[in-house]
Amino acid sequence: MAWELSRRRLVRSINSKYIYGRIPLLHTIIFFIEMALAARLTARFNSYYDERPLMTMMVTNAILGGIADTTAQTITSIRHRVQHKTSNDKDDGISLSVYDLDRKGGLIPDSKALPPPFDFERLTRFMSYGFCMAPVQFKWFRFLEKVFPITKTSAFGPAMKRVAFDQLLFAPFGVAVFFTVMTIAEGGGRRAVAHKLRDMYVPTLKANYVVWPAVQIVNFRLMPVQYQLPFVSTIGIAWTAYLSLTNAADE
């Protein structure tokens, strides 16, 4: 019991450190580690791809998925920090804030009013999802390349056909798989999956159609096949951050 309380206090202490009073320190450290891994991978991407193309795509997807979720968790923490400061500014100066109570005595170790700690399990889920989905996306892009080949004399038409197939077939499938896998990974059952899909599927798919058709036109028209998945995953950092925030919003 004493060890558990000490562990909670240590974790809470680390998570309560902020840069300039706003940016969470732990989130920032993790983000820079992920960026360093991404930079190293980028520097030797072609040689890795030539040796093991599929594994290279899987590792790339996992790292970029981790960056996206870390970004989403950082946004959530900063929002909470701003809201906490705003609520404190409205205090009458007599009552202690919940954060102060926790910092002084550890009286409320699990209060929702405290800054949310970095969720390593959630980060692992997102990285694992990116790692495992990469083969599916890789094979899909190869399929589109074979069915709709782009040549010097015919480029725009095949590219638009790829975009149409991708958005009408793969996008609905991908959104459904994402919410299903994430909900199951969080310990949810059939009812939780159905609830998540009912609340999140259609709004997320609508948001997809606002963002991704234009991205995929550039991707299929200009990018060589070995760069298509990394390009999508890089642009998708913002999209995956949005999915992470959306998925967490219903928890």
Side-chain angles (χ1 to χ4, degrees), residues 4-45 48 56 58-89 97-106 108-131 133-134 178 182 185-186 207 211 230-251:
E4 177 64 18
L5 184 58
S6 298
R7 186 190 67 82
R8 288 188 180 187
R9 286 178 176 173
L10 176 62
V11 171
R12 183 63 64 186
S13 175
I14 295 173
N15 277 283
S16 66
K17 304 299 182 183
Y18 285 79
I19 302 172
Y20 300 117
R22 176 169 296 186
I23 304 172
L25 178 61
L26 181 58
H27 297 59
T28 304
I29 292 172
I30 294 170
F31 178 79
F32 278 115
I33 292 173
E34 292 166 343
M35 290 300 295
L37 292 173
R40 180 174 177 81
L41 182 61
T42 301
R44 301 190 59 185
F45 180 83
Y48 289 149
T56 301
M58 294 170 73
V59 173
T60 301
N61 241 25
I63 293 174
L64 294 176
I67 292 173
D69 183 62
T70 301
T71 301
Q73 292 201 48
T74 303
I75 292 171
T76 300
S77 183
I78 291 174
R79 281 180 180 174
H80 190 287
R81 185 70 171 177
V82 171
Q83 291 171 357
H84 170 75
K85 284 192 172 184
T86 301
S87 64
N88 274 3
D89 290 341
S97 72
V98 175
Y99 180 73
D100 290 332
L101 283 174
D102 177 76
R103 186 173 57 182
K104 291 177 181 179
I108 315 175
D110 296 318
S111 172
K112 291 183 179 180
L114 298 174
F118 189 88
D119 192 339
F120 286 97
E121 291 184 6
R122 173 173 145 179
L123 175 66
T124 302
R125 288 195 295 268
F126 268 83
M127 294 186 72
S128 300
Y129 178 81
F131 185 84
M133 276 297 291
F178 171 79
M182 284 298 171
E186 292 162 3
V211 175
F231 174 78
V232 167
S233 297
T234 302
I235 300 297
I237 287 176
W239 173 251
T240 307
Y242 165 78
L243 289 178
S244 179
L245 290 168
T246 302
N247 186 64
D250 196 45
E251 293 178 358

Who passes side chain to side chain contact (heavy atoms under 4.5 Å, CB included) against [X], sequence neighbours left out?
X      : value
Ala185 : Arg125
Ile30  : Leu26, Glu34, Thr70, Phe118, Phe120, Leu123
Thr28  : Ile19, Ile23, Phe32
Ile63  : Leu37, Ala38, Leu41, Val59, Ile67

message = Test: salt bridge (Lys or Arg N to Asp or Glu O under 4.0 Å). Region: residues 65-78. Which pairs qualify, not counting sequence neighbours?
response = Asp69-Arg122
key: Where at least one partner belongs to residues 235-248, residue pairs that pass salt bridge (Lys or Arg N to Asp or Glu O under 4.0 Å), sequence neighbours excluded   =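 Checked against salt bridge (Lys or Arg N to Asp or Glu O under 4.0 Å) - neighbours excluded - no pair reaches residues 235-248.
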So which atom in [X] and which in [Y] form the shortest heavy-atom distance, rounded to 0.1 Å?
X      : Y      : result
Leu64  : Pro230 : CD1-O, 4.2 Å
Ala207 : Tyr242 : CB-OH, 3.7 Å
Ala241 : Ala68  : CB-O, 3.5 Å

Taking atom [atom1] of [X] and atom [atom2] of [Y], what is their separation to the nearest 0.5 Å?
X      : Y      : atom1 : atom2 : answer
Thr74  : His27  : OG1   : NE2   : 5.0 Å
Ser244 : Phe178 : OG    : CZ    : 6.5 Å
Met133 : Met58  : CE    : CE    : 11.5 Å

Contacts of Phe131 that satisfy ring pair (Phe, Tyr, Trp, His ring centres under 6.0 Å) - sequence neighbours left out =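 Scan of Phe131 (ring pair (Phe, Tyr, Trp, His ring centres under 6.0 Å), adjacent residues dropped) gives none.
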inquiry  = Taking ring pair (Phe, Tyr, Trp, His ring centres under 6.0 Å) as the definition, give me every residue that meets it alongside Tyr48, ordered by chain and number, with sequence neighbours left out.
reply    = none
request  = Report the residues that fulfil side-chain hydrogen bond (donor to acceptor under 3.5 Å, both in side chains) with Ser233, sequence neighbours left out, ordered by chain and then residue number.
outcome  =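 Ser233: side-chain hydrogen bond (donor to acceptor under 3.5 Å, both in side chains) contacts with Asn61.
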message = Just so I know, are the side chains of Phe126 and Met182 near enough to count as touching, which here means a heavy-atom distance under 4.5 Å?
response = yes
task = Step by step, work out the side chain to side chain contact (heavy atoms under 4.5 Å, CB included) result for Thr71 and Phe31.
result = CA-CA 8 Å; Thr71 301; Phe31 178 79; 3.9 Å; yes
request  = For Ile235 and Phe231, run side chain to side chain contact (heavy atoms under 4.5 Å, CB included): C-alpha distance rounded to whole Å, both residues' side-chain angles, the deciding distance at 0.1 Å, then the answer.
outcome  = CA-CA 6 Å; Ile235 300 297; Phe231 174 78; 3.9 Å; yes
